Amino acid sequence: MSRVVCVLGCRPGSAALARRARAARDAFVGLDAQLVLTCGGRSWDGRVEADELARMLVDGGVPVEAIVRERASLDTHENAMNAARILSARGLREVVVVTCSWHLPRATKLFERAGLRVVEGVGAPPPEPTLLQRAWWTARERVSLWKDLHR
């Protein structure tokens with residue numbers, strides 16, 4: 001079975017992106033994966049999420065030939081749909097999804113809805129989030145999931 005790690009992007013230069021990249025690298029090595037799919041087409045000050053993730057993964061020791069970039073998505077729903085299209089073309093259906101811990105439940109639902117089988121989820125937790133941060137993330141994810149499911 002081919003193991004694929006799919007890591008979701010966010011703002012380049014952020015601590016969250018660094019945590020996601022480290023978690024994806026660790027999953028790639030720990031699971032003896034063959035492929036990492038970096039997701040995210042949003043450009044922040046000329047830096048595209050998928051490209052920044054790929055650079056960080058290579059810096060972390062992941063072979064460049066093991067990385068595929070999904071550079072068209074602008075949100076989690078599009079991450080899932082585009083990842084499913086890319087992986088389907090390679091005959092792959094099973095993924096390990098890597099994102100922030102607070103984002104993982106919604107991302108998992110959307111990847112499964114796109115036709116992929118999420119065999120594992122890796123949530124990169126923020127360091128000691130405040131109550132206000134946890135409340136914001138919970139509310140944001142609930143609203144976003146409702147919006148995604150009604151597209």
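Source: prediction; values computed, not measured.
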Expected output: side-chain Gln34 to main-chain Asp32 donor-acceptor under 3.5 Å: yes
Taking the side chain from Arg20 and the backbone from Val98, do they hold a donor-acceptor pair closer than 3.5 Å?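 No, because the side chain of Arg20 does not come within donor-acceptor range (under 3.5 Å) of the backbone of Val98.
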For the hydrophobic clusters of this structure (ILVMFWY residues joined by side-chain heavy atoms under 4.5 Å, transitively), does one cluster hold both [X] and [Y]?
X: Leu74; Y: Val7; value: no
X: Leu110; Y: Val118; value: no
X: Leu116; Y: Val68; value: yes
X: Leu57; Y: Val64; value: yes

Can you list the steps and then say if Leu35 with Leu92 is a side chain to side chain contact (heavy atoms under 4.5 Å, CB included)? CA-CA 10 Å; Leu35 187 71; Leu92 302 168; 4.0 Å; yes
Distance in Å, [X] [atom1] paired with [Y] [atom2], rounded so as to fall on 0.5 Å steps:
X: Arg11; Y: Arg42; atom1: CZ; atom2: CZ; answer: 9.5 Å
X: Glu94; Y: Arg117; atom1: CD; atom2: CZ; answer: 4.5 Å
X: Cys10; Y: Glu49; atom1: SG; atom2: CD; answer: 7.0 Å
X: Ile86; Y: Arg71; atom1: CD1; atom2: CZ; answer: 11.0 Å
X: Arg151; Y: Trp146; atom1: CZ; atom2: CH2; answer: 12.0 Å
X: Thr38; Y: Met56; atom1: OG1; atom2: CE; answer: 11.5 Å

With a 4.0 Å cut-off on N to O distance, would you call Glu52 and Arg55 a salt bridge? yes
Any Lys/Arg nitrogen of Arg69 or Asp51 sitting under 4.0 Å from an Asp/Glu carboxylate oxygen of the other?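 Yes, charged N to carboxylate O under 4.0 Å.
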Counting neighbours of CG on Asp45 that are heavy atoms of other residues, nucleotides or ligands and sit closer than 6.0 Å, is the number greater than 12?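 Result for CG/Asp45: open.
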Over all atoms of both residues, closest heavy-atom pair of [X] and [Y]:
X: Ala114; Y: Met81; value: CB-SD, 3.8 Å
X: Val58; Y: Ile67; value: CG2-CD1, 3.6 Å
X: Ala72; Y: Glu70; value: N-OE2, 2.8 Å
X: Pro12; Y: Trp44; value: CD-CD1, 3.1 Å
X: Leu53; Y: Gly9; value: CD1-CA, 3.6 Å
X: Gly123; Y: Leu104; value: N-CD2, 3.7 Å

Using side-chain heavy atoms (C-beta onward) and a distance below 4.5 Å, is Val122 in contact with Val5? no
Suppose the criterion is salt bridge (Lys or Arg N to Asp or Glu O under 4.0 Å): which pairs have a residue in residues 78-91, not counting sequence neighbours?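 Pairs touching residues 78-91 that pass the test: none.
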Run the numbers on Leu149 and Arg113 for side chain to side chain contact (heavy atoms under 4.5 Å, CB included), then give the verdict. CA-CA 9 Å; Leu149 295 178; Arg113 192 168 192 228; 3.7 Å; yes
Hey, mind stepping through Leu8 and Phe111 against side chain to side chain contact (heavy atoms under 4.5 Å, CB included) and telling me if it holds? CA-CA 11 Å; Leu8 308 189; Phe111 272 71; 3.6 Å; yes
Please say which of Lys109, Arg106, His77 ends up in a side-chain hydrogen bond (donor to acceptor under 3.5 Å, both in side chains) with Asp148. Arg106
Ring pair (Phe, Tyr, Trp, His ring centres under 6.0 Å) pairs, two or more places apart, involving residues 79-109: Trp102-Trp137
